[in-house]
2 protein chains.
Amino acid sequence: MKTVKKASAAPAPRSQESRGPVTMHDVAALAGVSRATVSKYFNDREGLKADTLARIERACRELDYVPDPHAVSLVRGRSRIVGVILPVISEPFFAEALRAIEEKARALGMEVIIQCSYNDPAAEAAALMTMRSMKVAGVVLTAVASRNNLDLLLRLEQEMRIVYLDSYVHEDCNYVMNDNRQSMAMLTRYLLGRGHTPAYLGAPPVAHPSPEERRAGYLEAMAEAGMAPHFVPAGAQPSWDFEAFGFRHVLDWLAGGAWKRAGVTALACGTDRLAIGAMSACRRFGLEPGKDLAIVGHDDLPISAYLHPPLTTFRQDVAAIGVAAMECLQAQLDGAGAAPYRKRFTGGLVPRDSA
Amino acid sequence: MKTVKKASAAPAPRSQESRGPVTMHDVAALAGVSRATVSKYFNDREGLKADTLARIERACRELDYVPDPHAVSLVRGRSRIVGVILPVISEPFFAEALRAIEEKARALGMEVIIQCSYNDPAAEAAALMTMRSMKVAGVVLTAVASRNNLDLLLRLEQEMRIVYLDSYVHEDCNYVMNDNRQSMAMLTRYLLGRGHTPAYLGAPPVAHPSPEERRAGYLEAMAEAGMAPHFVPAGAQPSWDFEAFGFRHVLDWLAGGAWKRAGVTALACGTDRLAIGAMSACRRFGLEPGKDLAIVGHDDLPISAYLHPPLTTFRQDVAAIGVAAMECLQAQLDGAGAAPYRKRFTGGLVPRDSA
DNA sequence: ACAATGGGTTCGTCTTCAGGT
DNA sequence: CACCTGAAGACGAACCCATTG
């Protein structure tokens, strides 16, 4: 006996109105077609009469039916979910990148699942395993600075798409990021062009390889000019409290006095948040930032234009980077798995009064 | 004939190593138990011998097996996903709230799906329908300011848990938020206590009801002191560019001169970002913020302590608010559907040099 | 009575395939 | 031939039940 337990063996209109979830069955019944045809409607519209199409569409709207994503994912073995793994959401760069990713994902009809690693390799590994079990369509990953999970990542890249955001872990991986070397070199040249002797303050080691690249950009520009580089000594302690990090180390550095003897007149900072800490340290030390010591940042936070003095900085195109990450996933989903997708973005220098 | 198509009628070890996804079947075979027992292991551990438990656990680890979340969601009719719908991610308050939500969700073994409404009712409605189709365990929602979707929300609350974050749309709904009336009253009293006559600058209408509450707090404190309130006239145009909003309107207001005639000596701003714009406007107008005009903000951004002058503000406990949202969902999942879950949080005034 | 078994059914969809009009 | 139907098997796990050691 098959129909003993459930009396819905044949497509029959629901007896109750809006009882339980609506299924393809109900849509088929209302549209007067078979389940198979409705399925076709959602997957391969080719070879369906316009009339049938319209009837199904109408039925869907009437019942406000949407295919159950879990059932689809189960049978397909893939979901329409992209996983995003970031060190931390509340850092402005990542928040904005996530925003752009989410917007683009929606346009592609995908959902976004987010996890934070807090720069902890174990948390990163756990997040990756979760994404795998969810059979995500792809993963956008900002790898932890230590790159401890290289082996795991190499293995996972075999079975799912991974795009690295503002990071990479090996040759041949997909990544999207700002051209940090170029942008920091540009800022440094700008300072040099205005007759300054710039020192450099790098970010704490919570990211990779952006800080190294920015530092390299500074070095490159200094070498070009035939000048010796100067660095603000900074601890190797990971921290996301960039302002405090900048404040503390710049204050110590100013107090040390070596900068004065070396004729340093400007300070290039790895990020705006560091620059804000640095400006505060200047004042504490009795110097007027932008006058006694020129300062530049990197990233152009929304507030940077309203600081005192307004901060000269570099605007990277975060939204474009986020969108590109999604485009990478999409591209590699439908087709080409061949060449790795890599994109370097440039932004523009934003001159303001701090330098 | 049943076993014609597939030869795995009886639990038999996988022939190939690591071919296709691992299923409960494989775990059962390796552990030498039946499928039903493995299922019990994941759901109702009661009545399983310690020995069996250990064998299954070992098998899971060996195969690194995790139950397919889609299959589970399908059969259960519920997923372990919570949906988060925010006006925008990149606003620091929301970014931090999302971070806290994600952290707490992970601790509860749930995933977080994010969508932005950009304060658009249609986008909010679409996001809600998506969450419904995903059969989420619950939704954390910051409702759009216009509250256009009230009917939809009332309907959806019947079939799924919704907690409102920093917003609410009707009596009896669950919500978690800062006590904005109290916090702004506290800031205003602080200014009054120092002999100031404070005016007020509210945020653009992109949120509800926090701005109204803060305004009410200002009014309350002024009334208490028997003083007439003063407002910076501000447009009703929605915008997330708070600094620009604050800058523009404060500059116009200062230029108007009415503040001077009214003896205003301080400005309370609805958020730190507004205060930053306001400080910039002061300088443009030739006033020294913190000296010629006292300024306070609200929210205590990471940078606020490093501004010039450091900004007096109010720190709301964003992380606690996010965590509470998740606790609400959890509480209502296992049990009580009775009383609405509402929580008001308080933070603390952070006195600094700007006032 | 306790632990575990194995079989069957269900969730909602995709997919295929042999027909039917 | 072009379009559609009907039936049936997967997908992976949960839940139920009647048995068995």
Side-chain angles (χ1 to χ4, degrees), chain A residues 1-12 14 20-29 31-56 60 63 65-80 133-135, chain B residues 1-12 14 20-29 31-56 60 63 65-80 133-135:
Chain A
M1 278 296 172
K2 182 125 192 252
T3 57
V4 166
K5 294 221 168 179
K6 207 184 169 193
S8 60
R14 290 268 175 174
V22 182
T23 76
M24 254 171 84
H25 221 256
D26 307 311
V27 175
V33 299
S34 74
R35 253 158 61 267
T37 309
V38 179
S39 181
K40 260 196 169 175
Y41 171 84
F42 283 106
N43 300 294
D44 179 21
R45 253 133 154 131
E46 296 304 314
L48 282 196
K49 271 195 300 193
D51 170 53
T52 317
L53 236 56
R55 286 218 315 285
I56 296 179
C60 288
L63 300 169
Y65 165 80
V66 178
D68 182 323
H70 301 299
V72 175
S73 300
L74 176 58
V75 71
R76 281 253 181 82
R78 281 286 117 195
S79 69
R80 293 189 68 76
S133 81
M134 303 267 298
K135 300 186 193 306
Chain B
M1 278 298 161
K2 183 122 192 258
T3 57
V4 167
K5 293 225 167 177
K6 208 185 173 193
S8 60
R14 289 267 176 175
V22 183
T23 77
M24 257 173 80
H25 221 259
D26 308 311
V27 176
V33 299
S34 74
R35 258 161 54 256
T37 309
V38 180
S39 180
K40 263 196 168 176
Y41 172 84
F42 283 105
N43 300 294
D44 180 21
R45 255 135 152 129
E46 297 303 312
L48 282 195
K49 273 194 298 191
D51 170 53
T52 316
L53 237 55
R55 287 220 312 285
I56 296 178
C60 288
L63 300 168
Y65 167 79
V66 177
D68 182 323
H70 302 300
V72 175
S73 300
L74 176 59
V75 72
R76 281 251 182 85
R78 281 288 116 194
S79 69
R80 295 188 67 77
S133 80
M134 303 267 297
K135 300 188 193 308

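Residue numbering restarts at 1 for every chain, and letters A, B, ... go by the order of the sequence lines.
Spacing between atom CD of B:E46 and atom P of C:dA3 amounts to 10 Å, rounded to whole angstrom units. Computed from coordinates, the A:R80 CZ to C:dC14 P distance equals 12 Å when rounded to whole Å. As a whole-Å value, the separation of B:H25 NE2 from C:dT5 P is 13 Å. Atom NZ in A:K49 sits about 18 Å away from atom P in D:dC1, given to the nearest Å. Rounded to an integer number of Å, the gap from NZ of A:K135 to P of C:dT13 is 19 Å. Remark: C1' of C:dC11 and NE2 of B:H70 are 15 Å apart, rounded to the nearest angstrom. To the nearest angstrom, C1' of D:dA13 lies 9 Å from CG of B:N43. Atom P of nucleotide C:dC11 and atom CZ of A:R35 are separated by 12 Å, given to the nearest angstrom.
Side chain A:R76 to base D:dG12: no donor-acceptor pair is found below 3.5 Å.
Side-chain N/O atoms of A:T37 include one lying less than 4.0 angstrom from OP1 or OP2 on D:dT5. In this structure, B:Y41 does not reach the D:dA13 phosphate: none of its side-chain N or O atoms is under 4.0 Å from OP1 or OP2.
A donor-acceptor contact shorter than 3.5 Å is absent between the side chain of B:H25 and the backbone of B:R35. For A:S73 (side chain) and A:K135 (main-chain N/O), no donor-acceptor pair under 3.5 Å exists by modelled atom type.
Map B:A36 and B:D68 each onto its nearest nucleotide of DNA chain D; the residue landing nearer the 5' end is B:D68. With DNA chain C read from its 5' end, the first of the two nearest nucleotides for A:F42 and B:G32 is the one closest to B:G32.
A:D51 pairs by the salt bridge (Lys or Arg N to Asp or Glu O under 4.0 Å) definition with A:R55, not counting sequence neighbours.
In the set D:dA14, C:dT15, C:dG12, C:dT15 carries the atom at the smallest distance from any side-chain atom of A:S39. Distances were taken from every side-chain heavy atom of A:V33 (C-beta onward) to each of D:dT5, D:dA13, D:dC11; the shortest belongs to D:dT5. If you check C:dG12, D:dA13, C:dC14 against the side chain of A:L74, the one that comes closest is C:dG12. In the set C:dT13, C:dT10, C:dT5, the nucleotide with an atom closest to the side chain of B:S34 is C:dT5.
Closest non-hydrogen pair, A:Y65 versus A:V27, comes out as CG-CG2, 3.4 Å. B:P69 and A:S133 get closest at one heavy-atom pair: CD-O, 3.3 Å.
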